[in-house]
Asker: 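Below: one structure in structure tokens.
So that the names make sense, note that chain A is the first sequence line, chain B the second, and so on, each numbered from 1. From a predicted model like this one, the values you see are computed outputs, not experimental measurements. All values below come from the heavy atoms of this structure, side chains included, with hydrogens, waters and symmetry mates left out.
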Amino acid sequence: MEFDTLGFFGILFGTLARFWPVWIALATILVLSLRYRKYLGLYGHLFDSNVGIAGLMICLFWLFTAVFADVITPFGALEQVPVLRNSMPGTIDPESGLPFLFGGDRLGRDVFSRMVFGSQIVLVIAPAATLFALMVGTTLGLPAGYYGGRIDNILSFLANLVLAFPVILLFYLLVTPGIRETAIPQWMAGVFFIFPMIFFSTLFYTRFSRRPGLLAVLLAATFVLGGWIYAGLVFNADPLGLVSIRPNELNIFVAVVFASSPGVFRIVRGLVMDIKTRDYVSAAQTRGENPWYIMLWEVLPNARGPLIVDVCLRIGYTTILLGTLGYFGLGLAPESPDWGTGIKESSRLLRAYVHPALPPVFALMSFVLGLNLLADALREQSLKD
Amino acid sequence: MLSFIFRRLGVMALAMACLSLVVFFLINLEPNLKKLAIGQLTQRASGAEIESWLQDNGYRQNFFVRYGQWLGVLQKQPNIDRETGEATSRFSYCNEPAVPRYSGILQGDFGCSTKFRQPVTAQLLPALAATGKLMFWVMAVMVPVSLVIGVLAGMREGSRIDRGLSVASITTTATPEYISGVIFAVVFASWLGWLNASAASATNSGITFYNFALPVMTMAVYGTGYIARMTRASMVEVMTQQYIRTARLKGLGFNAVVLKHALRNALIAPFTVIMLQFPWLLTGVVIVEVMFRYQGFGYTLVEAAANNDIDLLLACSLVSVFVVLSTQLISDIGYALLNPRIRVQ
């Protein structure tokens, strides 16, 4: 059976046209940012270097791709067109008349649509897991660096313990269907997800303890919002049904947070040890401020430069970890469209068909590259200040 | 210095004890034991059969008793046959004697692999040797290349060479092994046909350029960019030092300054970084060995984890944790030895 196909330029322009909402959003952001860059602080300074613009645009490209995925994709992530199994890029589906821009995989699914839907999974889990790791690492790293002594010894020993595990072994032990039958992921989630609440309530308490009205509002907001998300994520019992997470996703999420928080801990600890020798910290100590006030409101804001850079790099690293999980078939469902699973599926058949492997490969690579470039530009800008 | 090393060795032993306990706990969870039993019996084994298999083979003893047996501080017991009441060997394919005895890792017995049906050492040592060869070639490619790139880029900060090489090294740090492996296999095996996309033949018939170049390249790429960037940063810092300016002002040529004065001081920091790359390389080994079908340590680890092969998986974890911790120690000692400004107390 012969199918109509698109040529090289047909595929190229077809793909570019498919991303139209992304181009509009990117152009809007670019124009607005260039016009108001003087008022935008660190973000505005990114537009001073080509590396910064390139990094930001790549990251935003994938962000908008994830947001507009439903509009961009011609087919569903699991939709199969049996006649188009392993079809070459540009083959046109005879029923709908829409092209398989990047060809079909071994089950006749559109590789292009799967790549676009894969961005949704990656762009939700990687940044969210990084933020949780940041909360855990910061909340533990601040006292370790500030007090030193025994608390530092114990926490550092634990962090080094986790870091001594090769990541892959950790994942093989922590992300298995067997583990999901036990309550271990729930326990770990219960421990990790409480850190943001501790962090924010301490943050507000130390600053506003003399303004009880405002403090009550902020604490109530923290506990209601935090408790709501906590109930949804840990117990899967969100009363409103908005926050929910599947057991395998919770398992991945917890494992990734567990693997990356010791790294954040070490960085925060090092920064705090450096910053606590500064004069403004001594001044705050002389005023008799609460130690936690000094950590959260004097030390932490001054550590933000390296931390922002680290978060960028870490989101990239988490994306690579997710890809590794997908590549080994750990945690994610076998039919999941995420990039790692896509690479696993297609790399087995590389001898016969090359085209299904390349879109997820370049998607993952470009997203991580964008984050690395962004981190590099941010680092240069923060060194200039 | 000596007391520093002894203290670090003590912490290392403590860490390995803690980690082995954690791993022991995780692989002895109920679902994992069931997986092991099903693997040893048949797919359709009933609940009662699984339970009696676990009971007979001693997996139902107290957790800490079994950990002690594995360590070698408690006696390993032979199986007792239900009907005859005779003591039989627990793992006949490993030639285990049917008498109670102290035989754990403290006595040098790493146990018996239920998946490969031979003692753990017989499985693990050849695998480690195979991975050692891979690691050797990866290091032999990665270290010189990344040092040269880093020195060239950091020699003249902000020059065109610097920018080009910096972007290139950022790109390689965004290319984990499963990405570069696919790209290289597509380009060099499928498209050009120069290299073999499988290293399976390297295990039996020896290493050739044809079957080994792709795995080595794939693993080297991810680390190269990182080491190169660290070398560049260290080189840039050295080039701004007073003694470099002095050397320039006394009329020495640029090349002589770089080679004689800058290089030696700039290479101290990368040494640490190269040593700390080993944990990353361990993950890389697993990916590359699975991808190119090379039977080394990574392949053994994946098989052990997939089949919940308790003794083998514990030995694999011990080996990898030992590698990570000892490279950290070497990097600290080496840094102190190389850098005269640092003294450990």
Asker: Side chain, backbone, both or neither: which part of Phe171(A) has a heavy atom under 4.5 Å from chain B?
Answerer: neither

Asker: Can you tell which part of Phe367(A) gets under 4.5 Å to a heavy atom of chain B, answering side chain, backbone, both or neither?
Answerer: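 Answer is neither: Phe367(A) stays 4.5 Å or more from chain B.
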
Asker: In Å and rounded to the nearest 0.5 Å, what is the CE to NZ distance from Met291(B) to Lys344(A)?
Answerer: 12.5 Å

Asker: Among Leu371(A), Leu358(A), Asn160(A), Ile184(A), single out the residue with the greatest number of heavy-atom pairs under 4.5 Å to chain B.
Answerer: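 Among Leu371(A), Leu358(A), Asn160(A), Ile184(A), the one with the most close pairs to chain B is Ile184(A).
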
Asker: Which of the residues Val321(B), Val286(B), Val323(B), Leu282(B) is involved in the greatest number of heavy-atom pairs with chain A at under 4.5 angstrom?
Answerer: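 Of the candidates given, the most pairs with chain A belong to Val286(B).
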
Asker: Under 4.5 Å from any heavy atom of chain B, what part of Thr319(A) do you find: side chain, backbone, both or neither?
Answerer: backbone

Asker: State the OG1-CG distance between Thr176(A) and Asn308(B), to the nearest 0.5 angstrom.
Answerer: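 Going from the OG1 atom of Thr176(A) to the CG atom of Asn308(B) covers 8.5 Å.
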
Asker: Quick one: which of Leu325(B), Val22(B), Val23(B), Val167(B) has the most heavy-atom pairs under 4.5 Å with chain A, could you say?
Answerer: Val23(B)

Asker: Can you measure from SG (Cys18(B)) to CZ (Phe157(A)) and round to the nearest 0.5 angstrom?
Answerer: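 So the gap between those two atoms works out to 4.5 Å.
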
Asker: Taking atom CG of Leu26(B) and atom CG of Leu174(A), what is their separation to the nearest 0.5 Å?
Answerer: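 One gets 6.0 Å once the value is rounded to the nearest 0.5 Å.
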
Asker: Using a heavy-atom cutoff of under 4.5 Å, enumerate the residues of residues 179-186 of chain B that contact chain A, numbered in order, or state 'none'.
Answerer: Ile179(B), Val182(B), Ile183(B), Ala185(B), Val186(B)

Asker: Quick one: CD1 on Ile320(A) to OH on Tyr178(B), what's the gap to the nearest 0.5 Å?
Answerer: 6.0 Å

Asker: Heavy-atom distances under 4.5 Å only: say whether Leu301(B) touches chain A with side chain, backbone, both or neither.
Answerer: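 Just the side chain, heavy atoms under 4.5 Å.
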
Asker: Would you say the side chain of Phe165(A) lies within less than 4.5 Å of the side chain of Val324(B), judging by non-hydrogen atoms?
Answerer: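 In short, these two side chains do not touch, never coming nearer than 4.5 Å.
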
Asker: At a heavy-atom distance under 4.5 Å, which candidate from Arg163(B), Arg229(B), Glu177(B) has the highest pair count against chain A?
Answerer: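 Answer, by heavy-atom pair count under 4.5 Å with chain A: Arg229(B).
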
Asker: Looking only at non-hydrogen atoms, find the nearest pair between Ala174(B) and Met365(A) and report the distance.
Answerer: O-CG, 3.7 Å

Asker: Out of curiosity, Leu169(A) CG to Ser317(B) OG, how far, rounded to the nearest 0.5 Å?
Answerer: 4.5 Å

Asker: Taking Tyr172(A) as the fixed residue, which of Ile27(B), Val302(B), Leu313(B) is the one that meets the side chain to side chain contact (heavy atoms under 4.5 Å, CB included) rule?
Answerer: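 Running side chain to side chain contact (heavy atoms under 4.5 Å, CB included) over Ile27(B), Val302(B), Leu313(B) with Tyr172(A) returns exactly one hit, Val302(B).
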
